> 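Following this message is one structure expressed as structure tokens.
The residues of the chain are indexed from 1 along the displayed sequence. A quick note: this is a predicted structure, and the numbers were derived from the prediction, not measured.
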Amino acid sequence: MISLCWLPYAILLYPGVIWYDTEQQLLQWGGLPNVYTDGQLNDHHPIFDTMLYGLFMDAGRALGSADAGIFVFSLLQMLFTAGVVAVFLYSLGMLGASRRAQRFVGVLLCAFPPVPIWACAVAKDSTNLPFLLTFILLLFIGPVTISNGIPQRRLSVLHPKAWTAALTCCACFITLTKKTGAIFIIFVTIMYLARWIRHEIHMRRPIRAQRQCHIAHVQQQCSEQKRSGAATHISGERTIISALICAAVCSLSLICLIMPLIVLPLFHIMPGGKQELLGQAFQQAALTLSKHAESMSDADRQAFTDMLGHDATARYAYWTVDSVKGDTWSPQQEQALPAFLKAWVSEGIRHPITYMQSYLAVEQGWFAFPHSSDSDHNAYLTPTPTHMVTRHFDGAGQLGLTFNDGRIAGVMEDTISWFQESPIGMLTSSKALWSTWALIFLIEESRRHRTAMKTLIPLIAWNAILWLSPVTTTDETMRYLMPVFFLVPLTVAMLTTREASTA
């Protein structure tokens with residue numbers, strides 16, 4: 001049913017919504033000049049995604065149409081995502097989720113236009129999505145727990161070792177398809193580990209009520225609890241913690257060791273620059289130069305200038321770090337990095353408010369609501385830039401991508417924009433609503449109804465990643481926000497299950 005509801009979007013958006021980053025990846029695969037290189041493969045964007053898109057494009061070209069190859073990839077990705085969502089909803093039903101919540105989530109995911117449009121988009125974030133959802137589903141249902149050597153009845157059909165292998169495999173694909181996926185895995189692991197440690201400390205505290213009871217009677221009760229479900233619960237929790245640590249170690253090994261030390265040199269792939277990690281620091285440094293240059297020490301001012309250039313203040317734009325950080329990383333910047341980091345810490349201590357101003361100005365899309373009287377209110381909405389299907393970028397013809405009829409995509413985008421600018425649409429399509437405020441609401445609901453806070457951990461982890469975004473007020477922002485369109489409704493349904501209520 002989900003696939004049937006999404007299929008018209010994939011067909012109407014033939015061959016697929018190819019994002020700007022994907023264009024650069026396709027150009028690299030074809031050996032053509034792009035923003036990052038003169039044609040050599042570069043790891044600025046995940047090389048795994050570049051390979052996937054390139055192989056489908058090459059296969060389509062060999063069979064007569066590179067556009068058809070991209071369309072087949074878009075279609076398969078959409079079907080994969082639809083399948084994962086369907087299994088997710090089925091699993092929630094088996095765990096006792098409210099039928100009303102299931103219907104609401106099903107209708108929303110089938111009928112809300114941004115969902116299918118993103119499911120079939122040719123972008124690393126869309127490719128990452130089904131692996132992300134599978135990871136969260138595995139984490140929620142957990143493995144089969146063993147008590148006294150007997151498997152306990154649970155929804156999961158995977159025993160602990162197989163479940164751990166599946167979770168780790170998903171974590172690796174999350175990391176391979178999107179580099180911030182490793183950060184997500186680490187955040188989730190840390191939060192689960194902190195929750196488990198807190199639970200262990202709480203369980204070992206002496207309870208006053210026990211002191212008032214007969215010691216033998218208390219010991220007998222404790223012994224019975226340990227022999228029953230308590231021991232099973234602890235065993236299951238330890239399995240989950242162990243699996244998450246394994247997944248985090250594998251993800252870190254992939255991104256920090258295997259890819260840079262083995263894969264990239266082996267296939268002569270240029271490593272990506274460090275500017276993506278330092279974007280916020282560059283932005284804060286540029287604003288500090290603009291506001292406090294005269295009061296800065298000569299050493300700090302020189303360190304900032306050596307890293308950012310003499311025109312950093314002219315390039316500074318409060319709403320994005322891209323203007324300051326640039327697209328490439330030079331040997332001169334590598335040499336200037338230690339002095340820059342030292343100056344950045346020093347000036348941050350002296351001007352913390354300036355640093356906070358810089359940060360909040362970039363992340364404003366996650367907390368500010370649109371206002372109809374504001375001429376720039378579209379910056380705070382959730383656009384669906386289907387016009388990218390019409391983008392005939394430089395070099396597309398040499399790759400064999402010739403389709404450029406975007407009339408239907410344009411009508412689709414105009415219709416969605418018309419709704420989003422209506423009073424109801426402006427509220428329901430707000431970036432801030434779907435990200436920060438939806439999370440705050442769910443945390444409060446979980447607290448009021450005493451449901452398991454661990455159910456919210458994946459959504460909390462993804463929102464933490466959102467607050468590291470280099471921009472929040474452009475169309476590009478939607479790539480970062482897109483998983484939330486799936487996670488928020490699915491989390492709402494998860495909170496209504498027996499698993500969340502009894503954990």
Side-chain angles (χ1 to χ4, degrees), residues 1-30 32 34 45 49-86 109-130 177 382-420 475-476 478-479 482 485-486:
M1 179 61 73
I2 296 174
S3 299
L4 291 176
C5 291
W6 289 2
L7 187 59
Y9 289 93
I11 295 172
L12 293 173
L13 293 174
Y14 176 92
V17 181
I18 301 176
W19 278 75
Y20 175 79
D21 288 350
T22 310
E23 292 175 5
Q24 307 309 311
Q25 291 174 274
L26 292 175
L27 289 170
Q28 286 182 23
W29 184 262
L32 298 174
N34 54 87
H45 300 300
D49 293 333
T50 303
M51 179 190 69
L52 273 180
Y53 307 147
L55 288 175
F56 272 89
M57 180 179 67
D58 288 349
R61 188 191 306 113
L63 295 174
S65 172
D67 290 306
I70 293 294
F71 175 68
V72 169
F73 173 82
S74 172
L75 198 61
L76 291 176
Q77 177 181 271
M78 184 207 74
L79 293 173
F80 182 22
T81 305
V84 172
V85 171
L109 294 178
C110 287
F112 192 46
V115 169
I117 290 173
W118 281 107
C120 63
V122 186
K124 58 189 175 186
D125 308 82
S126 298
T127 305
N128 173 267
L129 179 64
T177 51
T382 53
T384 50
T386 54
H387 67 273
M388 291 186 176
V389 78
T390 70
R391 179 181 285 167
H392 193 68
F393 55 95
D394 293 339
Q398 293 172 265
L399 295 173
L401 300 173
T402 58
F403 184 85
N404 197 31
D405 185 357
R407 289 173 293 181
I408 296 177
V411 171
M412 189 183 299
E413 183 174 355
D414 290 343
T415 303
I416 294 172
S417 296
W418 169 82
F419 169 74
Q420 289 184 340
D475 288 354
E476 192 76 9
M478 287 304 300
R479 290 197 299 104
M482 177 265 296
F485 283 109
F486 294 80

> Measure the spacing between CG of Leu129 and CZ of Phe80 and express it to the nearest 0.5 Å.
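Rounded to the nearest 0.5 Å, the CG-CZ separation comes out at 9.5 Å.
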> What's the verdict on side chain to side chain contact (heavy atoms under 4.5 Å, CB included) for Thr177 and Lys124, showing C-alpha distance, side-chain angles and the deciding distance?
CA-CA 6 Å; Thr177 51; Lys124 58 189 175 186; 5.9 Å; no
> Does Leu109 offer a backbone N or O that forms a donor-acceptor pair with the side chain of Trp6 under 3.5 Å?
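Answer holds: yes.
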> How many angstroms lie between CG in Asp414 and CE in Met412, if you round to the nearest 0.5 Å?
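Asp414 atom CG to Met412 atom CE measures 11.0 Å (nearest 0.5 Å).
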> Side chains of Phe393 and Leu401: does their closest heavy-atom pair fall under 4.5 Å?
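Touching, per the 4.5 Å side-chain cut-off.
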> Nearest heavy-atom pair of Thr386 and Ala409: which atoms, and what distance?
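Of all heavy-atom pairs spanning Thr386 and Ala409, the closest is OG1-O, 2.8 Å.
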> Kindly say whether Ala123 contributes a backbone atom to a donor-acceptor pair with the side chain of Asp21 at under 3.5 angstrom?
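Pair absent, no side-chain N/O of Asp21 close to backbone of Ala123.
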> Does a side-chain heavy-atom distance below 4.5 Å link Met478 with Phe485?
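They are in side-chain contact.
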> Could you state the interatomic distance from CD (Gln24) to NE2 (His45), rounded to the nearest 0.5 Å?
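Between Gln24 CD and His45 NE2, I get 6.5 Å after rounding to 0.5 Å.
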> Could you measure the distance from the CD1 atom of Ile416 to the CZ atom of Phe112? Nearest 0.5 Å is fine.
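Those atoms lie 8.5 Å apart.
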> Within the structure provided, determine whether Ile18 and Leu26 are in side-chain contact (heavy-atom separation under 4.5 Å).
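Contact flag for Ile18/Leu26 side chains = yes.
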> For Arg61, give me all partners under side-chain hydrogen bond (donor to acceptor under 3.5 Å, both in side chains), at least two apart in sequence or on another chain.
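Once residues adjacent in sequence are excluded, the partners of Arg61 under the side-chain hydrogen bond (donor to acceptor under 3.5 Å, both in side chains) criterion are Asp58.
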> Testing the basics here: between Ala121 and Trp19, what is the closest heavy-atom pair and its distance to 0.1 Å?
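Closest approach of Ala121 to Trp19, heavy atoms only: CB-NE1, 4.2 Å.
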> For the side chain of Gln420 and the backbone of Thr382, is there at least one donor-acceptor N/O pair under 3.5 Å apart?
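Yes; at least one donor-acceptor contact below 3.5 Å.
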> So, for Gly400 and Ala66, which heavy atoms are closest and what is the spacing to 0.1 Å?
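Shortest heavy-atom contact: O-CB, 3.5 Å.
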> Under the 3.5 angstrom rule, does the side chain of Ser3 hit a backbone N or O of Leu79 as a donor-acceptor pair?
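No: the side chain of Ser3 does not pair with the backbone of Leu79.
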> Quick check: does any side chain N or O of Thr415 sit under 3.5 Å from a backbone N or O of Val411, one acting as donor and the other as acceptor?
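A pair under 3.5 Å: yes.
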> Please name the pair of heavy atoms, one in Pro385 and one in Val17, separated by the smallest distance, quoted to 0.1 Å.
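In this case the closest contact between Pro385 and Val17 is O-CG1, 3.8 Å.
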> Is there side-chain contact between Tyr53 and Glu23, with heavy atoms separated by less than 4.5 Å?
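When only atoms from C-beta onward are counted, Glu23 and Tyr53 do not touch, as no gap falls below 4.5 Å.
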> Are Thr127 and Phe73 close enough, and set up right, to give a side chain to side chain contact (heavy atoms under 4.5 Å, CB included), and what steps lead you there?
CA-CA 10 Å; Thr127 305; Phe73 173 82; 3.7 Å; yes
> Judged by atom type as modelled, is there a donor-acceptor pair below 3.5 Å linking the side chain of Asp405 to the main-chain atoms of Phe403?
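Checking the backbone N and O of Phe403 against the side chain of Asp405, no donor-acceptor pair under 3.5 Å is found.
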> Measuring only between side-chain heavy atoms, which start at C-beta, is Met78 closer than 4.5 Å to Leu7?
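They are in contact (side-chain heavy atoms under 4.5 Å apart), so the answer is yes.
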> Just verifying a value: how many Å separate Asp49 CG and Trp29 CH2, rounded to the nearest 0.5 Å?
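Nearest 0.5 Å value for the CG-CH2 distance: 12.0 Å.
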> With rounding to the nearest 0.5 Å, note down the distance linking OG1 in Thr384 to CD in Glu413.
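The CD atom of Glu413 is 6.0 Å from OG1 of Thr384, to the nearest 0.5 Å.
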> Decide yes or no on side chain to side chain contact (heavy atoms under 4.5 Å, CB included) for Leu76 and Phe56, but give the supporting numbers first.
CA-CA 11 Å; Leu76 291 176; Phe56 272 89; 3.8 Å; yes
> What are the two closest non-hydrogen atoms of Gly395 and Leu27, and how far apart are they?
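Heavy-atom minimum between the residues: CA-CD2, 4.0 Å.
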> Which heavy atom in Ser126 sits nearest to a heavy atom in Gln77, and how many Å separate them?
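Scanning both residues completely, I find the closest heavy atoms to be CB-NE2, 3.4 Å.
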> If we ignore hydrogens and angles and just use 3.5 Å, is the side chain of Ser74 paired with the main-chain N or O of Ile70 as donor and acceptor?
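Here the side-chain-to-backbone pair does not exist.
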